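Input: a single structure, listed below in structure tokens.
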Amino acid sequence: MKLVYLDNAATTAIDAEVEKFMQKCQLGLYGNASSIHKKGREAKEELEKARKVIAKSIGAKEKEIIFTSGGTEANNFAVKGVAFANKGKGRRIITTKIEHECVLNSCRWLEEQGWKVTYLGVDGKGFVSGKELEKAIRKDTVLVSIIHGNNEIGVIQDLKELHEICKRHDVLFHTDACQSYTKAELKAEWADLITLNAHKIHGPKGVGALYIKERVKISPWQHGGGHERGMRSGTENLAGIAGFAKAVELAVDDKEGKKRMAKLRDCLISELLKIPRTTLNGPRGERRLCNNANVSFAGVEGEGIVAALDAKGVCASTGSACASRSLEPSHVLIALENNPERAHGSVRFTLSRYSTKEEVKYAAKCAGEVVEKLRKISPLESERER
Amino acid sequence: MYVDKVLKRFQKPKFAGELKGADAIGEVGNVRCGDIMRIYIKVKAGKIADIRFKTYGCVAAIVSSDYLCEMVKGKTLEEAEKITAQDVVKKIGEIPLVKVHCSVLAQDALKKAIGEYRKKKQI
């Protein structure tokens, strides 16, 4: 049975070239980048080369890039680090109802410590309103954190507009760009802090970065020997970081990649919408991640669809992969519309640069079969037939 | 998260579908929780002669419905009522802990169907 992997928002397969390069680094550049000897210097050189690649990819300065163990750590660092460093000014944070769990749970933890958090709602397509953001800002607001490309429904927020509002009110603006990085236009000037990661773009797992604009007040979150300019201690994961940079180079070099994925995405969406009583979640076109298709099938539950698709060799997911550990329907889908059937029936298909038209067509065909089969045994559907 | 046995059963349930001419139907759950289970029974000489289910829900919900049907078919109503959700979970074997509650619902639906049958027959 062939395998069609359409869960690239959860993680991607590592690129062979990246893997090869990492192995070379792992074997050859074993030195600690903080050491003064030859092996240390070699490692340091590669580390700084990687930093340059990441910085350049978003138009940042090299010293504004701090490597982390991934997106989750970078988001925790951004939210908690800014909150603690600026608590003299105030203890209020604004975020949205459609953030990734690592931002939401960092905010909830801060609430337990006495911070006040506002969770902005979104419209029916998932967009955050600039007006609502502006209304929510108070004198003691220190941080606004809004996800760039949403991991579940693919909606892309207008960072430029949101950041302008924050600047007007002298509030720091952070964005989680794990899903959008190299898949949508992203500029350092659009935010004060940006979370990036490697494993969504065919890089290794366990590596990410936080862009921190010069002069942004942030407290380090991981203390130790003062690595990463004192912002993130711990011996740098050199092979991982080098692999991250290689993955970024490959993604940036593939200039047609985005267009190709967007075309495939639209093909997949239109095929899926041919299945009766199927709704698209999130917007269409330019404001949607080029690799995301998320639909809800009425009368059936997402987990069953994913399990049945898996039996046909198609890897997809219900909402976010993290949500599969809980029984709650997706908080993102519920934020779009308080419709539990739509939330429970949502399935996400996410493409990669290597996805093909054949794969997309096969996945949509399987989805149609699986949904029909599960609807036959759904009590919700027999009501509708009557 | 699911073991092979559970997934195989999910692919090929033995008791899924509607039972034409059922003597009683029991339904529990709601769409908000993401689980709805409906059990159809046919009763002959005090025994469950035939049984089917329709389930809207996760893999565990569908599989536990199917196992429950298998376990109670041919049993008297009293015997069927005595089967607990734990018995169903045991029969399934390995099931993720967060999913155990899904298998309680099938039993509730069965009890409701038996209750309805008794009400109809006034026994």
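Just so you know, these numbers come straight off a predicted model, no measurement behind them. A note on names: the letters A, B, ... follow the listed sequences, proteins ahead of strands, and every chain is numbered from 1.
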Hey, does the Lys NZ or Arg CZ of B:K73 hover above the aromatic six-ring of B:F15, less than 6.0 Å from the centre and inside 45° of the axis? no
Residues in salt bridge (Lys or Arg N to Asp or Glu O under 4.0 Å) with B:E116, at least two apart? B:K120
Would B:S65 and B:T55 count as having a side-chain donor-acceptor pair, cut-off 3.5 Å? yes
So which of B:I62, B:D35, B:I36 has the largest heavy-atom pair count under 4.5 angstrom toward chain A? B:I36
Close contacts, residues 75-91 of chain B versus chain A, judged by heavy atoms under 4.5 Å: none
Is the CD atom of A:E111 crowded by more than 12 outside heavy atoms at less than 6.0 Å? yes
Sort B:A60 into side chain, backbone, both or neither according to what part of it lies under 4.5 angstrom from a heavy atom of chain A. backbone
Can any side-chain N or O of A:N291 pair as donor or acceptor with the backbone N or O of A:L351 at less than 3.5 Å? yes
Passing candidate, side-chain hydrogen bond (donor to acceptor under 3.5 Å, both in side chains) with A:S296, options A:T278, A:N339, A:N281: A:N281
So, A:N76 versus A:S106: side-chain donor-acceptor pair below 3.5 Å or not? yes
